[in-house]
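The analysis underlying the following values was restricted to heavy atoms, covering all of them including side chains, and did not include hydrogens, waters or symmetry mates.
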Amino acid sequence: MAHSFGQAEINWDKLDKTKFYVVGAGLFTGVTVALYPVSVVKTRLQVATKGAVEKNAFSVAKGLLKTDGIPGLYKGFGTVITGAIPARIIFMSVLETTKVYAFKMVKPFGLSETTQAAVANGFAGMTSSVFAQSVFVPIDVVSQKLMVQGYSGHAKYSGGLDVARKIIRSDGIKGLYRGFGLSVVTYAPSSAVWWASYGSSQRFIWRFLDQGAKPDEGTPSVLKIVLVQAAGGIIAGATASCITTPFDTIKTRLQVMGLENKSSIKQVTKDLIKQDGWKGLYRGFGPRFFSMSAWGTSMILTYEYLKRICAIEE
């Protein structure tokens, strides 16, 4: 195992959990504020009709700014931030605890360190995503309807509660979980790919860097640790976005359809392919690629920084 990685990694049992959750809520709220507009633009691109005037991310953003100003880029933000905090607490807790057990499970198989990291991190990422979706899917459904209200014929709402009330009146509680199965199919593999790529790429990079290092060189500098983590985040985000964008496009269109327009995954897929061919499944790929790479890098740097400041001093 790369010597430097062992010095850079902070395990779950070494963290002050109370500080971790409180400080983490604040830090991740800040990251969400910075990157939320990209999600709004991506969502609008994915649900646009074939005749929509706005054909790319820049025209969508320009249109929003022209009609609604800066608040237009934050449609549905209040709803997202309300649900994101408990969802992330669940995600982080399950991720770290599952990762510990997953590494113990794969150790007897005699796999390489990089492969062990990919399998354990991937399994932990997938498991934590499934748990977090139980909270985040209803938030996703409501916020996405707010993001696209008034756009390409979509209904308008007075706020998140208005959306939730109308969905429940029409479909019951299950309406808030529209696309839940597809969300799990989208985000669980995406999370698995992301964390597997991150865990394995980090170890690969550290192993490469350690080849020319002296045995007594000591703990790597914070800058070096951050740069390696950032590189891992970029690789992970790029890999996950390429693999899972088609699922995300179908899920988004399914979730934002009008209450009277109930359709199946199969029908949504057929309609997309009929309109734009197979490339229709990659609608919004540019913003999603940027969002996952930027979000992944920002998130992991924030997450690793959070672990460093919440580490219990021995």
Side-chain angles (χ1 to χ4, degrees), residues 25 28-29 32-33 35-49 52 54 60-61 63-91 129 131-187 247-265 267-268 271-272 283-284 287-288 291 295:
F28 283 111
T29 296
T32 304
V33 170
L35 296 175
Y36 188 80
V38 180
S39 295
V40 175
V41 171
K42 172 196 72 82
T43 300
R44 289 200 162 215
L45 277 175
Q46 289 176 327
V47 304
T49 57
E54 296 161 340
V60 171
L64 276 167
L65 290 169
K66 186 177 179 180
T67 55
D68 299 312
I70 296 294
L73 296 173
Y74 285 88
K75 287 176 179 281
F77 179 76
T79 303
V80 166
I81 211 66
T82 300
I85 292 173
R88 284 206 186 97
I89 288 174
I90 293 171
F91 184 91
S129 179
F131 277 86
Q133 289 311 306
S134 63
V135 175
F136 200 72
V137 167
I139 300 300
D140 213 18
V141 171
V142 172
S143 66
Q144 286 180 341
K145 283 184 175 291
L146 290 172
M147 286 179 190
V148 301
Q149 60 178 324
Y151 181 68
S152 287
H154 290 280
K156 289 190 175 183
Y157 304 93
S158 60
L161 289 176
D162 183 40
V163 176
R165 187 165 53 246
K166 288 178 177 176
I167 290 173
I168 293 171
R169 188 187 302 151
S170 173
D171 293 332
I173 293 294
K174 75 176 188 295
L176 292 173
Y177 282 88
R178 193 175 194 184
F180 177 77
L182 198 54
S183 288
V184 171
V185 169
T186 301
Y187 291 122
F247 297 110
D248 187 59
T249 302
I250 296 166
K251 174 192 72 70
T252 300
R253 289 178 76 89
L254 192 68
Q255 288 179 329
V256 302
M257 283 178 171
L259 300 175
E260 71 290 338
N261 186 9
K262 297 177 176 65
S263 190
S264 65
I265 294 171
Q267 189 58 50
V268 170
D271 290 345
L272 270 168
R283 277 191 179 190
R288 179 168 168 79
S291 178
W295 167 256

Looking only at non-hydrogen atoms, find the nearest pair between [X] and [Y] and report the distance.
X	Y	answer
Gly78	Thr82	O-OG1, 2.7 Å
Pro138	Val135	CD-O, 3.3 Å
Ile173	Ile168	CD1-CD1, 4.1 Å
Ala132	Ala87	CB-O, 3.8 Å

**Message:** Going by side chain to side chain donor-acceptor pair (under 3.5 Å), name the residues that satisfy it together with Lys75, two or more places apart in sequence or in a different chain.
**Reply:**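 Residues passing side chain to side chain donor-acceptor pair (under 3.5 Å) with Lys75: Asp68.
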If I take atom [atom1] from residue [X] and atom [atom2] from residue [Y], how far apart are they, to the nearest 0.5 angstrom?
X	Y	atom1	atom2	answer
Phe247	Ile265	CZ	CD1	10.0 Å
Thr32	Ile85	OG1	CD1	8.5 Å
Phe91	Phe136	CZ	CZ	11.5 Å
Lys156	Asp162	NZ	CG	13.0 Å
Ile70	Leu65	CD1	CG	5.0 Å
Lys166	Asp171	NZ	CG	14.0 Å

**Item:** NZ/NE/NH1/NH2 to OD/OE distance under 4.0 Å, Asp248 and Lys42
**Value:**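 Salt bridge flag = yes for Lys42 with Asp248.
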Does any N or O in the side chain of [X] come within less than 3.5 Å of the main-chain N or O of [Y], such that one atom is a donor and the other an acceptor?
X	Y	value
Ser129	Tyr187	yes
Arg88	Ala25	no
Ser170	Ile167	no

**Asked** What's the verdict on side-chain contact (heavy atoms from CB on, under 4.5 Å) for Arg283 and Arg253, showing C-alpha distance, side-chain angles and the deciding distance?
**Response** CA-CA 11 Å; Arg283 277 191 179 190; Arg253 289 178 76 89; 3.1 Å; yes
**Prompt:** Only one of Val80, Val163, Val40 forms a side chain to side chain contact (heavy atoms under 4.5 Å, CB included) with Leu146, so which one is it?
**Reply:**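 When Val80, Val163, Val40 are each tested with Leu146, the side chain to side chain contact (heavy atoms under 4.5 Å, CB included) holds only for Val163.
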**Prompt:** Should Val141 and Tyr177 count as side-chain neighbours, where that means a heavy-atom distance under 4.5 Å?
**Reply:**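 Val141 does not reach Tyr177 side chain to side chain.
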**Prompt:** Looking at side-chain heavy atoms only, is the closest gap between Ser134 and Val137 below 4.5 Å?
**Reply:**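 The answer is no, as the side chains (C-beta and beyond) never meet within the 4.5 Å cut-off.
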**Message:** Take a 6.0 Å sphere around CG of Leu161 and say whether it holds more than 12 heavy atoms from other residues, nucleotides or ligands.
**Reply:** no
**Prompt:** Does the pair Lys145 and Thr79 meet the rule for a side-chain contact (heavy atoms from CB on, under 4.5 Å), with working shown?
**Reply:** CA-CA 11 Å; Lys145 283 184 175 291; Thr79 303; over 6 Å; no
**Asked** Among all residues two or more places apart in sequence or in another chain, which pass the ring-ring contact (aromatic ring centres under 6.0 Å, His included) test with Phe131?
**Response** none
**Request:** List in chain and number order the residues that pass ring-ring contact (aromatic ring centres under 6.0 Å, His included) with Phe77, two or more places apart in sequence or in another chain; answer none if no residue qualifies.
**Result:**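 With neighbours one apart ignored, the set is Tyr36, Tyr74.
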